[in-house]
Amino acid sequence: MKTSSQNHYLAWINWGIATSFVILIFSYQTGYAITHTKMASSLSLSLSDIGIIGSTYTFVFAFCQIFSGSILDQFGTRLVLPLACTLLTLGIFSFAFCTSLIGFIFAQTCIAIGASFGFIGAGMTGKYWFSQEKYGMMFALVQFVASLSAFLTQVIFIQLIANYPWDWVINGLGMIGLVILFLMFIFLQDPKNHEPTHKNFSLQFFKQALCDVKIVILHKHMVFILISGALSFGVMLSLSIVWGIHLAKYFNINANNATLTVALSWLGLALGAPFFAWLGRRLHNDITAFTIGTLVQISALLIMTLMPNHTFISLSGLMFIFGFATGASMLPFNIAATMVPSKYTGTSAALVNGSQFLMGSFLMFIPGFLMENHITTNIHQALILFPILLILSMATFYLFIIRKQSIQ
């Protein structure tokens, strides 16, 4: 009984440290959305420069997802997460002291490589230290904490950036990174029943990692799971990071209230992720729970984009409901994990996460492209594309997965 109690204690310590790393990553991501305007002004950066700096993070992050899952599967969190946190913290400090575009690209590359192990690492820590049955719920709890931190970060950063230089705020995140790194070196460990299969990197390892990705992605129906989950979460990223504020301003909502409206979508996601994980277990069917969440997303988006006007209250409520329904986008992690052997769990999770961020970066670009090329006249019209894409996604999801009932 004493050993079991000790293991339970260690499990929550390790999960807490790994999740703290995710909080740092999400705080940087959402904080950058607020600080980049002041950064561009102080350093005379162009809109093109800001776009390059932002896209560097997204694409490097998504590319590294190809290997991050396999690396965690084969090397364990005890070795990988401290190295990832070191790289992330180095990148954050570098970013704060940068004065050139090349320097920002280097910093963003370091940050993205380190960050690519965060969410997956926390999920794998839950897998290693808790039962397989709790894998989906532990992932949802990670998303709950991460999304809640994103909501609080946006509220806090609005105040900080108004009173302090942008580089001081970024340096503050770097200091938090040092604290988390210290905790990792002291406390983080792998459970005794999980022995890493590799001890060093080699060409053979990377060949095996690519082979793992191929095995997972070619599994029956995996592509449909990836696309559906990517669209669900990608729309959320596009709205919460870029276009939600522009939509609120279109409805003549002032800047501070517009930011709060978008922040409420993160609060909704924080509450929705554990709810839909619970719903999936309650229904004994994650696919049904995911379908319900996506249909609510579509409904909220249709109301936001088809109604000619909204008040601060109505738009805030819709953004909260939309974010809450987006919590279902965490279910593809568990759905994908149940489709492949347990040794590929990290790889499947990395592919789900990577596809979500790639889709998010693509959907961030599309509304601006539509308006710049006069395909649509305003953001209200441009965002109609989002519910249309989700409807097409769910139609395909139904034809190939739900109808055939191939996944239980």
Side-chain angles (χ1 to χ4, degrees), residues 22 25-26 29-30 33 119 123 136-137 139-154 225-245 247-248 260-280 286-305 315-336 349 352-364 366-367 383 385-394 397:
V22 179
I25 294 168
F26 269 67
Q29 289 174 347
T30 54
F119 196 76
M137 179 57 74
F139 242 122
L141 286 177
V142 173
Q143 185 62 62
F144 166 76
V145 175
S147 299
L148 185 61
S149 70
F151 166 73
L152 295 174
T153 296
Q154 287 194 334
I225 293 293
L226 295 178
I227 293 175
S228 299
L231 279 170
S232 176
F233 192 73
V235 170
M236 169 71 188
L237 284 179
S238 181
L239 277 176
S240 63
I241 294 178
V242 180
W243 299 113
I245 290 178
L247 180 64
L260 181 58
T261 295
V262 173
L264 285 171
S265 68
W266 286 107
L267 180 60
L269 178 58
L271 300 175
F275 170 80
F276 281 100
W278 169 84
L279 183 62
D286 285 339
I287 291 177
T288 300
F290 174 68
T291 303
I292 293 171
T294 306
L295 291 176
V296 175
Q297 270 189 299
I298 293 171
S299 300
L301 284 170
L302 286 173
I303 296 172
M304 277 192 277
T305 55
L315 188 62
S316 296
L318 286 167
M319 288 294 283
F320 177 82
I321 292 170
F322 169 76
F324 185 88
T326 305
S329 66
M330 295 302 100
L331 292 173
F333 285 97
N334 200 42
I335 295 171
V352 172
N353 202 37
S355 64
Q356 289 182 343
F357 276 85
L358 270 180
M359 185 63 71
S361 65
F362 176 71
L363 294 179
M364 287 178 200
I366 290 297
L383 292 181
L385 176 66
F386 288 177
I388 292 174
L389 287 174
L390 284 174
I391 290 170
L392 292 174
S393 168
M394 289 312 298
F397 194 72

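FYI, side chains are in, hydrogens and waters are out, and symmetry mates aren't considered; it's all heavy atoms of this structure. Not measured: the values here are computed from a predicted model.
In terms of heavy atoms, Phe290 sits closest to Gly229 at CZ-N, 4.0 Å. For the residue pair Ala328 and Ala289, the shortest heavy atom distance occurs at CB-O, 4.1 Å. When all heavy atoms are compared, the tightest approach of Ser149 to Phe26 is OG-CB, 4.0 Å. Between Leu363 and Trp243, the shortest heavy-atom contact is O-NE1, 4.0 Å. Nearest heavy-atom pair across Leu226 and Ser355 is O-OG, 3.7 Å. The heavy-atom pair separating Ile321 from Ala300 by the smallest distance is CG2-CB, 4.5 Å.
Between the side chain of Thr291 and the backbone N or O of Ile287 there is at least one donor-acceptor pair closer than 3.5 Å.
Here the CG-CD1 distance, from Leu315 to Ile303, works out to 11.5 Å after rounding to the nearest 0.5 Å. In this structure, the separation between OG on Ser240 and CZ on Phe151 is 13.5 Å, given to the nearest 0.5 Å. Atoms CD1 and CG, from Ile227 and Leu392 in turn, are 11.5 Å apart once rounded to the nearest 0.5 Å. Distance CE/Met319 to CG/Leu260: 10.5 Å, rounded to 0.5 Å. For the atom pair CZ (Phe357) and CD (Gln29), the distance works out to 4.5 Å, reported to the nearest 0.5 Å. The distance from the CD atom of Gln356 to the OG atom of Ser232 is 7.5 Å, given to the nearest 0.5 Å.
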Could you walk me through whether Leu239 and Leu383 satisfy the side-chain contact (heavy atoms from CB on, under 4.5 Å) test, starting with their C-alpha distance in whole Å, then the side-chain angles of each, then the deciding distance to 0.1 Å, before giving a yes or no? CA-CA 9 Å; Leu239 277 176; Leu383 292 181; 3.8 Å; yes
Which donor-acceptor pairs under 3.5 Å do the side chains of residues 261-279 make with protein atoms, sequence neighbours left out?
residue : atom : partner : partner atom : Å
Thr261  : OG1  : Asn257  : O            : 2.9
Thr261  : OG1  : Ser316  : OG           : 3.2
Ser265  : OG   : Val262  : O            : 2.5

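Leu301 is listed as a side-chain neighbour of Val235, based on a closest heavy-atom distance under 4.5 Å. In this structure, Ile391 and Ile298 have side chains that are in contact, with non-hydrogen atoms separated by less than 4.5 Å. Counting heavy atoms from C-beta on, the side chains of Met394 and Leu390 never come closer than 4.5 Å. Contact of the Met236 side chain with the Ser329 side chain is not registered, since no non-hydrogen atoms from C-beta on lie closer than 4.5 Å.
Ring centroids of Phe333 and Phe119 are separated by less than 6.0 Å, placing the two rings close together.
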